[in-house]
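Right, one structure below, let's go through it.
Below, chain A is the first sequence line, B the second, and so on; all start at residue 1. Basis for what follows: all heavy atoms, side chains included, without hydrogens, waters or symmetry-related copies. Values in this document were obtained by computation on a predicted structure and should not be read as measured data.
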There are 2 protein chains.
Amino acid sequence: MIKTDVLLNIKNCLKEKDIKVTPQRLEVYKALMNYDTHLSVEEIFNKVRENNPSVSLGTIYAILANFRDNGLVKEVKIDSERSFFEMQRDTHQHFLCYDCKNIYDVDFSKFSCFEHKSIDGHKIDDFHGYFYGICKNCSKKKAKQ
Amino acid sequence: MIKTDVLLNIKNCLKEKDIKVTPQRLEVYKALMNYDTHLSVEEIFNKVRENNPSVSLGTIYAILANFRDNGLVKEVKIDSERSFFEMQRDTHQHFLCYDCKNIYDVDFSKFSCFEHKSIDGHKIDDFHGYFYGICKNCSKKKAKQ
DNA sequence: CTTGACAACAAGAATCATTCCTATATAATA
DNA sequence: TATTATATAGGAATGATTCTTGTTGTCAAG
């Protein structure tokens with residue numbers, strides 16, 4: 001069964017990092033995997049609750065911090081109001097629209113300037129690139145007015 | 001007098017943006033100008049209090065939001081615990097050390113990839129680049145151990 | 001210079017995302 | 001299956017930021 005294979009993969013992924021396998025952790029992992037984009041903590045909480053109604057919000061935060069510290073997920077802090085998390089995938093950056101507050105995934109990796117491993121003698125482990133402005137859709141709306 | 005000139009410059013700078021000139025705003029502006037790097041809201045609050053002991057923290061937040069929305073200062077959100085502000089100067093990015101929590105100004109502008117004005121049809125007004133890792137000093141300390 | 005309208009301010013309460021605390025439940029291991 | 005350490009649920013605590021209200025100050029017109 002395919003579904004079993006996926007579960008096995010997730011479990012192995014956790015075990016490799018010495019993360020104890022729990023139903024809550026599997027649900028958080030699956031939620032992030034299924035959507036393949038950034039989700040807010042509350043969105044993750046609600047998705048996990050669908051399968052595990054008694055889960056606690058504090059647990060979601062603890063699991064996400066654990067995953068982040070183990071390099072499984074990346075925290076997106078483009079909007080100071082809310083925190084987002086996403087699977088650690090290919091390098092990309094985020095664009096926040098001042099108007100509609102939507103966050104778009106954008107990719108500047110082709111410019112290769114994000115591949116540097118150090119600057120001024122400081123060792124770079126991670127990079128977050130946040131772009132701000134007016135998105136395509138909101139520009140169109142404004143043009144029509 | 002030089003000091004008067006500086007004050008006049010700040011006042012003109014505010015008037016150009018239709019920002020009403022008040023003692024509190026002048027103090028916030030001077031604090032940021034004098035240090036020429038990012039300051040936390042609390043640091044700004046304390047510096048303003050030296051000259052105006054009755055100033056309120058809420059006022060500092062309001063002034064910084066006003067300055068930010070008028071493009072006079074830039075908000076630095078590299079550390080989710082604290083907010084920083086700095087004068088809108090030359091383009092640069094920030095580096096947060098995981099160990100000592102210091103924030104360093106770094107400059108990747110020579111790579112020219114931060115000069116793009118749009119991506120995927122979204123109009124770019126601002127860019128924040130946050131680098132994370134271990135700084136020069138902490139690397140040295142670890143090597144000695 | 002005085003005055004009036006309206007914005008800015010001080011003080012402190014309220015908000016809300018996130019973290020902390022503790023007793024209970026559960027996963028991993030022998 | 002028993003043991004031990006860790007994870008979780010539930011709820012309280014934290015703390016940066018925002019909001020509210022009555023007062024004060026700015027600035028422009030007279």
Side-chain angles (χ1 to χ4, degrees), chain A residues 7-8 10-29 31 38-46 48-70 72-73 75-85 101 103, chain B residues 7-8 10-29 31 38-46 48-70 72-73 75-85 101 103:
Chain A
L7 255 189
L8 267 181
I10 301 179
K11 286 180 183 175
N12 286 332
C13 188
L14 296 182
K15 283 175 185 166
E16 271 175 27
K17 305 267 186 179
D18 275 324
I19 302 174
K20 205 172 281 185
V21 174
T22 68
Q24 293 88 342
R25 285 173 176 164
L26 292 174
E27 288 300 328
V28 169
Y29 198 106
H38 46 270
L39 296 177
S40 69
V41 175
E42 202 180 338
E43 283 171 330
I44 295 166
F45 178 47
N46 287 329
V48 171
R49 259 208 298 207
E50 288 172 12
N51 295 321
N52 183 342
S54 68
V55 73
S56 155
L57 181 57
T59 300
I60 302 294
Y61 274 101
I63 290 172
L64 289 170
N66 179 328
F67 283 6
R68 179 197 57 206
D69 295 343
N70 280 285
L72 292 177
V73 304
E75 186 170 3
V76 180
K77 291 186 281 195
I78 195 171
D79 185 344
S80 56
E81 305 279 308
R82 324 163 274 175
S83 224
F84 294 83
F85 288 84
K101 309 295 180 195
I103 296 172
Chain B
L7 256 188
L8 267 181
I10 301 179
K11 286 181 183 174
N12 286 332
C13 188
L14 296 182
K15 283 176 185 167
E16 272 175 26
K17 305 268 186 180
D18 274 323
I19 301 173
K20 205 170 281 183
V21 174
T22 68
Q24 292 88 342
R25 284 173 177 162
L26 291 174
E27 287 300 326
V28 168
Y29 198 104
H38 46 271
L39 295 177
S40 69
V41 176
E42 204 182 337
E43 283 171 331
I44 296 167
F45 178 46
N46 288 329
V48 172
R49 258 209 296 207
E50 289 172 11
N51 295 320
N52 183 343
S54 68
V55 72
S56 156
L57 182 57
T59 300
I60 302 295
Y61 274 101
I63 289 172
L64 289 170
N66 178 327
F67 284 5
R68 179 196 57 207
D69 294 344
N70 280 287
L72 293 179
V73 304
E75 186 172 2
V76 179
K77 292 185 282 195
I78 195 172
D79 185 344
S80 55
E81 305 279 308
R82 322 163 274 175
S83 224
F84 295 83
F85 288 85
K101 309 296 181 192
I103 296 172

- Asp18(A) has an atom CG; how far is it from atom C1' of dT6(D), in whole Å? 13 Å
- Query: Looking at the side chain of Val55(A), which of dA10(C), dT8(D), dA9(D) is the nearest nucleotide?
  - Reply: dA9(D)
- How long is the line joining CG of Asn66(A) and P of dT19(C), in whole Å? 13 Å
- Without swapping roles, check the side chain of Asn70(B) against the backbone of Asn66(B) for a donor-acceptor pair under 3.5 Å. yes
- Message: Measure CG/Asn52(B) against C1'/dA10(C) and give the value in whole Å, please.
- Response: 10 Å
- Message: Among dA28(C), dC9(C), dT8(D), which nucleotide has an atom closest to any side-chain atom of Gln24(B)?
- Response: dC9(C)
- Counting side-chain heavy atoms from C-beta on, which of dA9(D), dT8(D), dC9(C) comes nearest to Thr22(B)? dC9(C)
- From the list dT8(D), dT18(C), dC9(C), which nucleotide is the closest neighbour of the side chain of Leu57(A)? dT18(C)
- Rounded to the nearest Å, what distance is computed from the CD1 atom of residue Ile63(B) to the P atom of nucleotide dG25(D)? 15 Å
- Rounded to whole Å, CZ of Arg25(B) lies from C1' of dG25(D) at a distance of 11 Å
- Among the nucleotides dC9(C), dT8(D), dT18(C), whichever has the atom closest to the side chain of Val41(A) is dT18(C)
- Working to the nearest 0.5 Å, report the span between CD1 of Ile19(B) and CZ of Phe67(B). 5.5 Å
- Which residue, Lys20(B) or Gly58(B), contacts DNA chain D at a nucleotide closer to its 5' end, judged by nearest heavy atom? Gly58(B)
- Message: Whether Arg82(A) contacts dA17(C) is assessed here as follows: a side-chain N or O lying under 4.0 Å from the phosphate OP1 or OP2. Is that the case?
- Response: no
- Between CG of Leu64(B) and P of dA16(D) the distance, given in whole Å, is 15 Å
- Message: Checking side-chain polar atoms at under 3.5 Å, does Asn51(A) have a donor or acceptor matched by the opposite partner on Glu27(A)?
- Response: yes
- Message: How many whole angstroms separate atom CD1 of Ile44(B) from atom C1' of dA16(D)?
- Response: 14 Å
- Task: For Glu42(A), answer base if it contacts any base atom (sugar-phosphate contacts may also be present), sugar-phosphate if it contacts only those atoms, and nothing otherwise; contact means non-hydrogen atoms under 4.0 Å.
- Result: nothing
- Query: Between Ser83(B) and Pro23(B), which is nearer to the 5' end of DNA chain D once each is assigned its nearest nucleotide?
  - Reply: Ser83(B)
- So how far is it from Ile103(B) CD1 to His38(B) NE2, rounded to the nearest 0.5 Å? 4.5 Å
- The answer to which of Ser56(B) and Tyr61(A) contacts DNA chain C further toward the 5' end, by nearest nucleotide, is Ser56(B)
- Query: Over how many whole Å does the gap from Ile60(A) atom CD1 to dT8(D) atom C1' extend?
  - Reply: 11 Å
- pair Glu42(B)-Arg82(B): side-chain heavy atoms closer than 4.5 Å: no
